[in-house]
Amino acid sequence: MPSPHPYEALQSTKLSALRARLSLPQRFPLQTLARTLIHPSADPDPAFNNASLSVLGANLLGYYTAEHLLCNYPRLPMEVVFAAQNAYVGPRALAIIASEWGIEAAAEPGGEVEPGLLQFKRLRPGEGIPAALKKQVPWKWNVTQTHRIVATDEFGSPNAPPSPHSLASVPVPMEEAAQSFVRALVGSLHLHLGAPLVKRFFKSHFLSRHLDLSEMFDFRTPTRDLSRLCAREGFEAPVARLISETGRLSRHPVFVVGIYSGKDKLGEGAGSSLEEARFRAAAAALKAWYLYKPLDVTVPSSTEGELDTTKWKPNMVDCGEVIV
Amino acid sequence: MSTCKSAARISTAVRPSSLLPRIQTRHESTTRRHKKLLTVQQAPSYTPTRPEPTLIFNPPSSAPSAYHTPLKFLPQNDKRRALYASFLSTSTQRAHRTATSPVAAPGTPLSASSFLPPTPSAHLPPPVRQPYEKKYHLTDVDIKEIQRLRAEDPDRWTRVRLAEKFGCSQFFVGMVAKNGVKAEKVAREHDRARGRWGEMRREARHERERRKELWGRDA
């Protein structure tokens, strides 16, 4: 038997403890929880491993994160959306979440192993990465932004990730197994407990993690981008103005520069040279544009299964980031 | 050396008898400078005027949050536009109504109010660089001329000279009359100059480039 019998899940103290720790209701069966812990590398039988559940869970996680980001920050550049998706529900983040939940891995999968342990075939040190993990489908010569949005995963990778079903009996790293467990758990929660509870689970375990979007930007030519933005939106051309300064002739001068469009201040930055302060102020102004947050947001999933659609308010759709 | 000198001075000192009485004087260099001048008067905004507990709002100066959207960047149908406008009008009225205390008069360090937003005024700070209007005055004939001169003698007609002659920017000259051979030559010269740098200068330049990359990352 490659994986423990479902009957043994009822006797497992680890599984009961995990269910209680995650505050899951009693009607969520322990047998399903045990199944989410079995990676296809441990048990190739799709009826006993978590491959199908993790496909469903990955789609749900991607959907809820994407709608949260796109509705709350409609002007975010696509690169930042990809990076934020990766930070919220990327493989690394999911592996960290699994370890925070106290998931431990079995040294070797098998039928006699305690069902509360994560089971997968380990990648031995020195072995190369197996071909299934390196598979690149769909594969193109020119990887465009559109290709990254529509053809691959939600993190904007140039290639699609390997399908969980293709990893049967293939040795995998720990991170891959841990992320498949978290995804499978979300998928099984959706099947057993329904969407509202999954949304609450997602909010308390994934969205509650602190992520400062304002630190994910990397501007190379903010002054040029900002003047392009002002021309596009019909504002007056931005002008850098010196708000205050100290120690101009000293070793550590500080200049505070504001970027003004007409009489409105768009951004403010401080630096040890006039150029640096101007650069930072332009970057701050661009961030202020991109991080705009509408006041009343209704995400599309909030109206799922509801007959009353009067609460729905259409979300803002921005015309896109600045292209120079 | 110095000790010898002072010792000699002490030994041979014959003080001229002065008619002035010997009175001990205290200069600013002693107690006054160290103790009294350093006790700064408390800011009036911190001094409670009423015996009952009061609320003091005086936030420290810090960089504005990136999540605050300026009025100009708000969409037309956003509710915050009306809120900002009403707040601006009330704060202006309040600023005009409240009398400034003499300690916080303009020209003193306390003149800048700690309330947000600051008192609106028609005066904008001075620009860092003088703003200019783009002229768009060069015709096709001028551009042909620029290209001809640049191709004819790139050493004499550099980008700077052409920009001065035609009243445009160097960037524009580089755009319309690109000279690959000259650019390669200049790049080679720069490379040669960089090869002569010592270790300290090379590292310093490298660090400067790295710091400059961090400007756009707000780090």
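Sequence lines set the chain letters: A, B, ... in the order given, protein chains first and strands last, and positions in each chain run from 1.
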With a 6.0 Å cut-off (strictly less than), is the heavy-atom count around CG of B:D153, excluding the residue itself, greater than 12?
yes
What part of A:L213 is in contact with chain B, defined as an atom under 4.5 angstrom from a non-hydrogen atom: side chain, backbone, both or neither?
both
Close approach to chain A in residues 126-133 of chain B, criterion heavy atom under 4.5 Å:
B:P126, B:P127, B:V128, B:R129, B:P131
For a side-chain contact (heavy atoms from CB on, under 4.5 Å) with B:K72, tell me which candidate from A:E233, A:K265, A:E236 qualifies.
A:E236
Answer yes or no: are there more than 12 heavy-atom neighbours, outside B:R148 itself, under 6.0 Å from its atom CZ?
yes
Below 4.5 Å from any heavy atom of chain B, which atoms of A:K293 appear? Answer side chain, backbone, both or neither.
backbone
Run the ring-ring contact (aromatic ring centres under 6.0 Å, His included) test against A:F255 and tell me which residues pass, sequence neighbours left out.
none
Tell me, for A:S261 versus chain B, whether the close heavy atoms (under 4.5 Å) come from the side chain, the backbone, both or neither.
both
Electrostatic pair A:E275:B:K212 at N-O distance under 4.0 angstrom:
yes
Separation of A:R220 CZ from B:W215 CH2 (nearest 0.5 Å)
13.5 Å
Could you grab the distance from atom CZ of B:R80 to atom OH of A:Y292, nearest 0.5 Å is fine?
5.0 Å
By residue number, those in residues 190-204 of chain B with heavy atoms under 4.5 Å from heavy atoms of chain A are none
Pair count under 4.5 Å, heavy atoms only, with chain B: among A:L286, A:I243, A:L291, A:L266, highest is A:L266
Given that the side chain runs from C-beta out, which part of A:A284 has a heavy atom under 4.5 Å from chain B: side chain, backbone, both or neither?
neither
Answer key: most heavy-atom pairs under 4.5 Å with chain B among A:L295, A:L274, A:V256, A:D264 is A:L295
Name the region of B:A63, side chain, backbone, both or neither, that has any atom closer than 4.5 Å to a heavy atom of chain A.
neither
Less than 4.5 Å apart, any side-chain heavy atom of B:F73 and any of A:F235?
yes
Looking at side-chain heavy atoms only, is the closest gap between B:P70 and A:W289 below 4.5 Å?
no
Most chain B-contacting option - heavy-atom pairs closer than 4.5 Å, from A:E276, A:E215, A:K287
A:E276
Side chains of B:Y67 and A:D212: does their closest heavy-atom pair fall under 4.5 Å?
yes
Taking all atoms of both residues into account, what is the closest heavy-atom pair of B:P125 and A:R241, and its distance?
O-NH1, 2.8 Å
Mind checking the OH-OG1 spacing from A:Y290 to B:T69? Nearest 0.5 Å is all I need.
14.0 Å
Select, from A:D296, A:L242, A:L229, the one with the greatest count of heavy-atom pairs under 4.5 Å involving chain B.
A:L242
Indicate yes or no: at least one non-hydrogen side-chain atom of A:F217 is less than 4.5 angstrom from one of B:D218.
no
Solution key, residues 315-323 of chain A side-chain donor-acceptor pairs under 3.5 Å, sequence neighbours excluded:
unit_1: A:N315; atom_1: ND2; unit_2: A:T298; atom_2: O; d: 2.9
unit_1: A:D318; atom_1: OD2; unit_2: A:G320; atom_2: N; d: 3.2
unit_1: A:E321; atom_1: OE1; unit_2: A:M78; atom_2: N; d: 3.0

